[in-house]
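Since the structure comes first, as C-alpha cells, the remarks are kept for the end.
Below, chain A is the first sequence line, B the second, and so on; all start at residue 1.
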Amino acid sequence: MLMAGKAAWALITFVFSALMLLMLYLSSKKIYIPQIREHPGVHAISEAVGRAAEMGRPVSFSPGTSSLYDAKYAGDTAAALTLLNAVAREAVKSGSKLIVGISQPTVLPVAQAIVKTAYTMEGKAEEYVEGDTVRFYSPDQWGFASSYMGMMYRERVAANFLFGGHAAEALILAETGATVGAMQVSGSTNVYQLPMFLVSCDYTLIGEDQLAAAAYLSPDPAQKGTVFGQDLAKLICVVLIVIGAILVTAGSKILSQLLAS
Amino acid sequence: MSLREVLNRNYKQVIYIALFLSLAIPLISPIGLPVPVQKTTLGVYNKIESLKSGDVAVIGSNIGAAIYAEVYPQYIAVLEHLLRKPGVKIVLVGHGIEAPIWAERALNELNAPNRKTYGVDFVHLGYIAGEEAAIAGLCRDIHALLKVDHGGRPLSDLPMMNNIRNAKDFTIVIDFTASADSQYWLNQAYASYGTAIGFGLTAIKVPDAYAYYMAGQIFGIIESLSGAAQYENLIHKPGMAVTGMDAQSLAHLLYIALILLGNIFIVTQRRVK
Amino acid sequence: MIDVATLSLLISTTLILAVYTILYRENPAFRVGEHLMVGATVGNAIVLAVFQIRDLAWRKLQIGLTKGDLSGIGYIIPMILGVLLYFQFSSKYRYMARVSIALLLAVGISLSIRGLIFVNVIGQIRGALAPLTTIQNIAYLIGVVCALLYFVYERRASKLAGPLPKIGRYVIMLTMGAYFANTIMGRLSIVIGTLTSVFVAPALYLIPIAFLIVAADALIRRKSAKA
Amino acid sequence: MAGIWRSVASAALLIISMVIMLDFALKNATLQALATDLNNWAVVVAAFALGIGAYSLILRHGRMITRKGPLWPYSIILLVTMLVFVVTGLVTGSITSPQYNWIYSTIVMPVSSSLYGMNAFFIASASYRAFKAKSWEALVLLVAAIFLMLKNAPIGAVISPILPQIGGEIWDFATATGMRALLIGIGIGTLALGLRVMIGQEKTPLGGAE
C-alpha cells in the first residue's frame, strides 16, 4: 500500500532511476556514448597538484564535515571521496606530500583505504604514514576548522581541495587557503556555503557539478551514461515546470495536485 | 603613503581592524542609526498592545546558544512589553533542553519576580520533552501533561493555572525558535484551536514563516536582530539589539565600501599602466 | 579569591582572543586554543559515543535478551560491525570493515535520495508552478528553465538549447551573490554577541593587553626583518 | 573469504538501501520498524568508528611527544584536555552535570563562537580581494551582493526606500530561479550517484575497488 502523498515520489524516483540505468546500459554496450562537458575545475586538479610539486609544498584535502550516513549530504560525502581518489593518485604520482584532514569518524576508514591504495599502486606504500597522511581532527565542525586552518598555515600548503558537505566553516577554510597562497578547487551541495567557495576559491564545482564529476572521473567511461540520464531527468523537470505553469495560468492546478499525491 | 599603498601592503590586517572598530564603537557608544519598522514586527507589537487584563500569552522559549545572538534580544523585548501590560498572564514553556536556562536568565534580567507575582501573573513551565507530540499534549490538556512547573511546584498550587487548561485558554502564542519546531504551534494550536500565533525567528527561517504571514495564519514575525531592534524602539527601551543594529549597519557599509574600493583600485591601476 | 563564574569568563575571553590572533598570524596562542579545542571536542565525542553505545545498543540488547525480543537481540549486529571496522588497520584483513561501511553508506545514500527527491525535486517543481500573469512570474519561469539548462552536461543537448545555458550561468551567479550577502547578518550577529559578552569587566581589560602583545610582536618582527 | 565478504557488503548495500527507500513510499509496519532499526544501527556503528579516530589522533600526537617533534608541547595539551573531558563525562555520568557543563562552556563554546564569528572578518577580506568585476558574470554576482547588503542593513532603507525593494526583488528572483535549479540538480545528481553506489558501479565510497 502506497503512503498518501508519496505516489508522485515513487513514480518520479522510479522513472528517473530507470532513465539513468538505461543510459548506463546503452553507454556500457557502446550503443550511445554521450559527450560530457567536463568542469574546468576537474582539469585544474592536476594543474594545482603539479604546481604544488614544483614548489615542493604539500597538497591538502578535506572531504567535508558531513558523515557517511548523513541524511542530507551523504551523496556529497560520497562524491568528495571519489574526488579524493583522483586527487590522491595525482599527488602520489607527482611526489608531493598529501595531507587529508578528516572530521567525521565514519569517513576516516574509507579515506584511509583510498589513500593507502593510491600509495600502494604507485609503489610508494612506505610514504603513507598511519595517522599522519590521513589525519583525524575532530567530529566537531569548529574543532575541525581550527585544526585544518592551523595545518594550512604551518605546512604552507600550495594546493587545497575542499569537497563534500561543509557547513559554516567553509569560508574560514577557503579564506585561510587563499591567505597562504594555495590554489584551491572546491565543491559542495550545501547551497548556503557554495557562495563562500565560489568567492574564495579558484574553481568551484557548483552543486550537481560535483556529483557529476564523480561519474566522469571514473576510469570506466560507461559511467558517463548516468550523467546523460541526469540531463534527461532535468529536461523532464523543465517540461513539467513549463507545462505546469501554462496549466496554472489557464486555471488548472492538476499538475500541482498530481505532484502532491 | 596613500590608502591604496597601505591596503596593498597588508590589506588583511587593515581591513580586520576596520571591521573590529565598526563593530566595537557602536557597542561602546551607540550611534542610534535609524531602523525602519517592518509591518511584520508591528503585527506582534499591535497584538500585544491589544491584550486586555486576564488574557493569556504563551511564550515558546526555544532559545539555544546557537541562536541566542539573534533571538534572545527579541525575547527580552517582548517579555518586557508583556510585563508592562497589567493583568496579562504569561506562560513560559520550551521544548529545547537549553530553553529553561534562557527563560530564567531573561526573567531575572527583567526583574520579573519583583514586578509581578509568580503563579498569579506568570509561570515558567520549563522544558517539555517530546517535540511536536509535547506541544499537541500541551494544547489538549496542560494538567494531564504536566504536574509541576520548572521549579517543581505543583501546578495546582499556582492560582493562574486553574483557569488555563488547554489551547482554548491561550489568547496568543509567540514562539521564539530557530528550527522546524516553529511549525509545531501552527499545526497544533492554530490548526486545531484557532489560537493566534506569532514568531520570533532567526533571519534564515523568515522566508518560510513569511508565507504563513501573507496567508493571514500568523499575526506577526520578529525577524532576527533587526526585528528585535525595531521592537526595542517601539517599546521605547533601546537595548542590545539597537546597539547591535548600529554595528550591523556600519559593518554592511564597510563591506560595500571594500567591494567598491577593490574595484576602483583595479580600474585606476589599469590607467596608470 | 575569584569565583568559578569569573574564572570561566576570564578563561573563555582569553581563548576568544587567542583564537582571533590567527587574523594577525599563526602563533603559539592560537595553537593553544586549537589544541584545547580538538582535545575538548574529541573528548566530548567519545563521552557521547560511549553513552550512545550504552543506550542505543547495549540496553536494547539486554532488554531483548531478557524478553526474547528479536529486534532487541538484533542490536548485537551493529556492535559486531562496529568492532569489525578496526580491521581497517590490518592490510591483510582490511576487507572485514567493508560490510560496516556498506551499512553506513546505504543508510546515508537512501535517506538522502528520499529527502532530496521529495523536498528538492518535487517540492521545487511545485513551487515553480505560478500563473504567468505577472512580469515577475514570467521572469521566474524563464530564469529557472535557463538555470536548469545550465546544468545539462551532454554537449549536443546543451548546444540545442542555444544561448539559454549561458543565461542560466548568469542566473546562478546572481543567486550566489544574493545568498552570499544574505548570510552576512547572521554571522555578524554572532560576532556582536561575542563582543557583547567580552565587553564586561574584568574580561574587558584583556582586550587592550591582547592588542599590545600583537603590536609589540609586529614591531619586533619589522625590526628584525630590517636588520 | 575476502571475496565472499565483499559480496556480502555489496548485497547489504543494495538491500538496506531498498528497505529504507521502500519504507518511505509504502505503509508497512514491519518495514518501518526495520528501517528505524537500520538507522539506529548506523548510529551505533558510527559511535564505534569514533574509536578509530581517537586511535589515529592518539597515535599521531603520541608519536609527536615521544619523538619530540615540532609542536610536541601542544600535543600534550591536546591529549590532557581529551582525557579531562572523557574522565569528567564518564565519572559524572552525564554531559549535563555541572562540572562537565563548566568545562564545556568554558572551552568549547567560546572557541566555537569565535570561529563562527570569524566568518564576518573573512567576508570583509574576501569582499576586498575576490569581488572583482573581471567578467560580466562576476559583475552580476557583485551587484546582487551589494543590493542584498543594502536590503538587509537598516541603513539601506534610510539612504533610499527603493534600495531594499530592489534587494527584495533580487532575492525573490534568486530563490525562484537559481536556487530552484540548484536544488533540483542536487536531487537528481544525488539519485544518480546513489544508484551507481547501490548497484556496485561506484566502489570508491566503500573504500575503493582494492
Side-chain angles (χ1 to χ4, degrees), chain B residues 7-8 10-20 22-23 31 33-38 64-66 68-69 97-98 101 203 206-208 210 223-227 229-230 233 241-242 244-267 269, chain D residues 94-96 98 101 104-105 108-135 138-139 141-165 167-168 171-172 174-176 179:
Chain B
L7 277 172
N8 273 350
N10 31 16
Y11 76 98
K12 290 207 162 161
Q13 279 70 20
V14 176
I15 289 172
Y16 296 151
I17 290 174
L19 181 63
F20 174 76
S22 64
L23 294 174
I31 309 166
L33 293 171
V35 184
V37 178
Q38 287 166 294
Y68 122 92
I97 298 174
E98 285 180 76
I101 305 170
V206 170
D208 300 344
Y210 198 73
E223 175 180 349
S224 190
L225 197 65
S226 69
Q230 294 159 27
N233 283 334
V242 167
M245 274 334 271
D246 279 351
Q248 285 271 10
S249 279
L250 279 186
H252 273 86
L253 286 179
L254 178 70
Y255 291 144
I256 295 171
L258 285 171
I259 294 179
L260 296 178
L261 261 184
N263 282 290
I264 290 168
F265 287 164
I266 283 196
V267 175
Q269 216 155 19
Chain D
S94 138
I95 50 160
T96 48
N101 200 18
Y104 190 85
S105 58
V108 179
M109 300 231 295
V111 178
S112 301
S113 62
S114 306
L115 286 164
Y116 198 164
M118 208 177 280
N119 270 306
F121 288 83
F122 286 142
I123 287 169
S125 52
S127 294
Y128 177 72
R129 179 179 55 80
F131 271 94
K132 301 272 167 75
K134 283 180 228 153
S135 62
L139 185 69
L141 180 97
L142 186 157
V143 170
I146 291 183
F147 275 111
L148 256 291
M149 287 183 199
L150 288 169
K151 167 187 171 276
N152 286 342
I155 198 81
V158 177
I159 299 169
S160 161
I162 300 170
L163 290 175
Q165 268 176 26
W171 176 251
D172 289 345
T175 29
M179 192 42 63

- [ ] Work out which heavy atom in B/Phe20 is nearest to a heavy atom in D/Phe121; give both atom names and the distance.
- [x]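 Shortest heavy-atom contact: N-CE2, 4.1 Å.
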- [ ] Kindly compute the distance separating OH (B/Tyr16) from OG (D/Ser125), expressed to the nearest 0.5 Å.
- [x]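 Answer for the OH-OG pair, B/Tyr16 versus D/Ser125, is 3.0 Å.
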TODO: Answer with side chain, backbone, both or neither: which region of D/Leu142 has an atom nearer than 4.5 Å to a non-hydrogen atom of chain B?
DONE: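 When you check distances to chain B, only side chain atoms of D/Leu142 fall under 4.5 Å.
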Open item on the list: Please verify the inter-ring angle class for D/Tyr128 with B/Phe265; under 30° counts as parallel, over 60° as perpendicular, anything in between as tilted.
Closed with: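 It falls in the perpendicular class, over 60°.
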Show me, pair by pair, the donor-acceptor contacts under 3.5 angstrom made by side chains of residues 251-262 of chain B, not counting sequence neighbours?
from, atom 1, to, atom 2, distance (Å)
B/His252, ND1, B/Gln248, O, 2.9
B/Tyr255, OH, D/Ala120, O, 2.7

Task: Neighbour count >12 (heavy atoms, 6.0 Å) for atom CD1, D/Ile162 - done: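 No, CD1 of D/Ile162 has 12 or fewer neighbouring heavy atoms, counting only those of other groups under 6.0 Å.
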Enumerate donor-acceptor pairs with a distance under 3.5 Å from any side-chain N or O in residues 144-158 of chain D to protein atoms, sequence neighbours excluded.
from, atom 1, to, atom 2, distance (Å)
D/Asn152, ND2, C/Asn182, OD1, 2.9

